[in-house]
Every structure is written in structure tokens, then in C-alpha cells.
Amino acid sequence: MAGTSSGSTHEGPAQQKAAQSVWSRDFALFFVARAVARLGDTMLPVALAAGLLQHGYGAGAVGLAMAATAAAFAGLVVFGGVLADRFSTRRLMIGADLVRLVTQALTAVLFFSGHVVLWQICAIGFVNGVAGAVFQPGVASTVPRLASDIQGANGAVRVAESAAQLAGPAAAGLLVGFASPGGVFAAHATTYAVSALCLLLLRLPPLPPRERVGRAAEAFRADLVEGWREFRSRTWLWGVIAVWGIYMIAVWGPTVPLVATEVVQQHGPRAYGLVNSALGAGTVVGGLLALRLRPRRMLRAGAVALFGFAAFPASVGAGLGVPAMAAGAAVAGAGMSFWGVMWATSVQTQVPPDVLNRIHAYDVAGSLAMMPVGQALAGPAASALGADHVLLVAGAMSFVVCTTLLVIPAVRGLVRVDARAAGPGRTALRGRARAEQS
């Protein structure tokens, strides 16, 4: 690790080189695009809930509107991965941003005019989900094309998104209070305009041309099959996704709604806001750690860090005070964020560029598929066992899931690409050093 260096004269140039391998004009544009878009996305739930409730709809309507977006995204992101591998990812991402600019501007008009109909909001949400499914796969392949230090780039983006996640709900609350929900949707539309502009100014190095044979439908189907074959051939990849399905059902799915319910009922909405802020602050810390630490076996290090997530549901389930819950949330956020950077970097460096978008799409679809199941089961489980007991079980299952990740040889033994390439040279250097010392 860099922290073990004994002299600043050796560490400074290395850090400067790492920074130069991340930051450039084009990466800065992508960084701003991701940060601004994330800021807008975190404002949306506040605006949607406040706006629909103001117009006489209940919590079920809010959930339905959110589900329309989530269903379209999860159901179509695999097809978005095929499109991203066949066409220009930058153009697809710009097009998706422009579609969402129009839909969110239309939503702002509906709320400003007071003509709010649930099916229209759900239809707009569905279109947003489709646009997100087209946009998201391109993110994975864009990072390696912009920075040679892929882990550093992922860490920087994670820090920016985490900071935006902290600021977004607060900004939305202020806009709702001083303007209206329509003002939040207008601001959200503006974030997509900024993202599209940044991506438009982006200069990406060209990818090698792919051979396309057969009719469009046949080629599309062949690309789907090839993506699945590449996904299935990597044990570490499908192994993590399989375990992640259990994580979504038993840990993340019940944690999100039950923590909100328990904290608000026991301590009030301000306490829940504090706990959420601590979670966001933890994700920033985890991203900063991922910028600094360079483990040889990234998934092993990420799985160890992920053990910290257990502190979040366990502290709430145990009925601890607000400071303890906030501390648990911060530890959980740091662990989840560090794991996220290790996982994203592993996928982006271990998978060939010509199938990366499809692999990323399978990754996203597989990761999200079980989350609604966990959320749907959270209520009945809480009614049967009590919310506190379900959260304690979620904390215990977090340990089980992380242990399972470490038990899988392909996961714990996966060596980072740059470390594997530098391995023989480093071994020779150590051998010469030992010979000189003797």
C-alpha cells in the first residue's frame, strides 16, 4: 500500500502519475455528467412523493410510479447492452439523456398546471426506465476508454455520486418547500441537459470495428447469446451475481424499507434524515479509500469491506440510539462503496471491451432482479416476526453472504489485471534485492 512508503520523494511522483492517469479533459466531462445526473436522480423520489401526495394520491401510487421506471429498466437493460455493443455508446447515452430531458420537462408542466393523472406519470416513468436501460450499459465501457487508472476513475466517480446523493434529497426538499414539486422536475430535466452537453463534448478513442453478419434480427439474437456465453464462462462473475441475488432478498431488500419504518416510528423523520446522511457520508469515505488502496485481489478485499454493511440493519434491529445507528450506517456505506469500486473495476478490466456492455447489462439485470422480491417480502416478514427481528436476521445474512463470496475460489482468488501483468517483474526485483542484501 502507498501508506507503507518510507520516503516522500518516492511517493509523490507515483501519486502524481496516478492522478495524471485519471484526470483529463474528457474524464472531467464524464465526471461532471455522472455527478449532475446522480444529483437529479436522487431528487426525483422526493418530488414524486411530495407531488403525488399533494394531488390526493397515496403511498401506493408513489410506489406504482417508481415501479414503472424500475420494471422497464430491469426488463430491458440486457437489450440495452446489445445496442451499446453494436452502436456508438456516446450517441446512445446522449439520446437517452435527451429523451429524459423531454419527459421530465413534460412532468414539470403537468405538476405546474395541476393536471396530474397517475397513468400519465407511470407512462412517463416507463419511458424513463427504457431510456435508463439504453444509457446504463455504456457507462461501463466509457470509463476504461477515458482513464488508464480504471480503479482510480471508478473511485472518483463513486465519490462524486455519493456526494450528489447527499445533496440531492436536501435540494429537492428546499425546492418543494420554496417552489413546488414541478420546480424539482424542472431542475431534474436540467440535470439531463447538462449531462447530455458534457457527453456531447466528450472525445472517446475509437473502438475496433466489430464484424456484423446476417440480418439485423439474427445479429441481435446472436449478440444476446454471445453475451450470455461470455457471462456464463466466468465463474467469478456469475458466482458473485448468484450470491448477490441472495443478498438482495435477505439483506438489501428488507433493510431499506424496514430501517425507514423503524427509525421514523421510533425516533422521527429528522433522525432518519441523519441516519441517511451518515450512510451517504460513509459512501464518500469508501470511495476515497478505493482511490487510495490497491489490493492485489480486489474482490477479496471488497468482500471483506462488505462485512461492514451488517452494522446498518443490526444497529437498527437491536434498538440502539440514533448516534449508534448513524455510526452503523456510515460503516455500511463505506463498505458498500468500497465493494462497488472493486467490483466495477474487476468487471471493466477482466472482460474484453467488445462484450463489456453486454456483460455489464447482465450484471445490472442480475443484481436488480431480486431486489423487488426482498422488498415485497419485507412487510409480511415484519408482520410475522417483527421488523426488529427481520433486521437482525438481515445483519446476520450479510455475514453469511460475505463469507460465501470469500469461500468461492474464483472470487477470492481473482487477481487484478495490472498486478498479474507486473507479477514476474516484481518477483525478479525482489530476488535481486535479496541477492544484494546477502
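Predicted model only: the values in this text are computed from it and were never measured.
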Heavy-atom side-chain proximity of Thr349 to Pro144 below 4.5 angstrom | no
When rounded to the nearest 0.5 angstrom, what distance separates CZ in Arg203 from CG in Leu29?
-> 8.5 Å
Heavy-atom nearest pair, Trp339 first then Ala303, reads CE3-N, 3.5 Å
Any side-chain heavy atom of Gln151 within less than 4.5 Å of one from Val341?
-> yes
Calculate, to the nearest 0.5 Å, the distance between atoms CE and CG belonging to Met342 and Leu299 respectively.
-> 9.5 Å
Check: Trp238 side chain, Arg232 main-chain N or O, donor-acceptor pair, under 3.5 Å | yes
Value rounded to 0.5 Å, distance of CG in Leu146 from CZ in Arg25 | 10.5 Å
For Val157 and Phe27, what are the C-alpha separation, side-chain angles and deciding distance, and is it a side chain to side chain contact (heavy atoms under 4.5 Å, CB included)?
-> CA-CA 10 Å; Val157 171; Phe27 179 74; 3.9 Å; yes
Reported CD1-to-CD1 distance for the pair Ile246 and Ile241, which is rounded to 0.5 angstrom | 12.0 Å
Compare all side-chain heavy atoms of Val411 with those of Val243 and state whether any distance is below 4.5 angstrom.
-> no
Closest contact, heavy atoms only, Ile359 versus Phe231 = CD1-N, 3.3 Å
Non-hydrogen side-chain atoms of Phe338 and Val285 separated by less than 4.5 Å | no
When every non-hydrogen atom of Val159 is compared with those of Val284, the smallest separation belongs to CG2-O, 3.9 Å
Looking only at heavy atoms, the pair that brings Ala189 and Ala105 closest together is CB-N, 3.7 Å
Thr255 OG1 to Tyr247 OH distance, which is reported to the nearest 0.5 Å = 7.0 Å
Using 30° and 60° as the class limits, which term best fits the ring planes of Phe185 and Phe111: parallel, tilted or perpendicular?
-> parallel
Kindly indicate whether the side chain of Glu230, heavy atoms from C-beta on, has any atom under 4.5 Å from the side chain of Leu237.
-> no
Please walk me through it: do Thr69 and Asn128 pass side-chain hydrogen bond (donor to acceptor under 3.5 Å, both in side chains)?
-> CA-CA 6 Å; Thr69 302; Asn128 286 338; 5.2 Å; no
Validation row: Leu406, Arg300 side chains within 4.5 angstrom (heavy atoms) = yes
For Ser337 and Thr283 the tightest heavy-atom approach is OG-O, 2.8 Å
So Arg297 and Arg412, side chain to side chain contact (heavy atoms under 4.5 Å, CB included) or not? Walk me through it.
-> CA-CA 7 Å; Arg297 288 178 171 82; Arg412 72 169 185 271; over 6 Å; no
Taking Arg416 for its side chain and Pro295 for its backbone only, find out whether a donor-acceptor pair lies under 3.5 Å.
-> yes
Centroid-centroid distance, Trp343 to Trp244, less than 6.0 Å | no
Hey, is the main chain of Val415 close enough, under 3.5 Å, to the side chain of Gln350 for a donor-acceptor pair?
-> yes
Would Arg100 count as a cation-pi partner of Phe135, with NZ or CZ less than 6.0 Å from the six-membered ring centre and within 45° of the ring normal?
-> yes
Ignoring hydrogens and geometry, is there a side-chain-to-backbone donor-acceptor pair from Ser113 to Leu110 under 3.5 Å?
-> yes
Worked check of side chain to side chain contact (heavy atoms under 4.5 Å, CB included) between Tyr192 and Val102 = CA-CA 9 Å; Tyr192 286 126; Val102 172; over 6 Å; no
For Asp41 and His188, what are the C-alpha separation, side-chain angles and deciding distance, and is it a side chain to side chain contact (heavy atoms under 4.5 Å, CB included)?
-> CA-CA 7 Å; Asp41 290 343; His188 193 198; 3.2 Å; yes
Does Ser195 use its side chain to pair, donor to acceptor, with the backbone of Thr191 at less than 3.5 Å?
-> no
Do the side chains of Val351 and Arg234 get nearer than 4.5 Å, heavy atoms only?
-> yes
Look up atom CD1 in Ile94 and atom CG in Leu200, then write down how far apart they are to the nearest 0.5 Å.
-> 5.0 Å
Heavy atoms of Ser398 and Leu306 approach each other most closely as OG-O, 4.1 Å
Do the side chains of Met336 and Trp252 get nearer than 4.5 Å, heavy atoms only?
-> yes
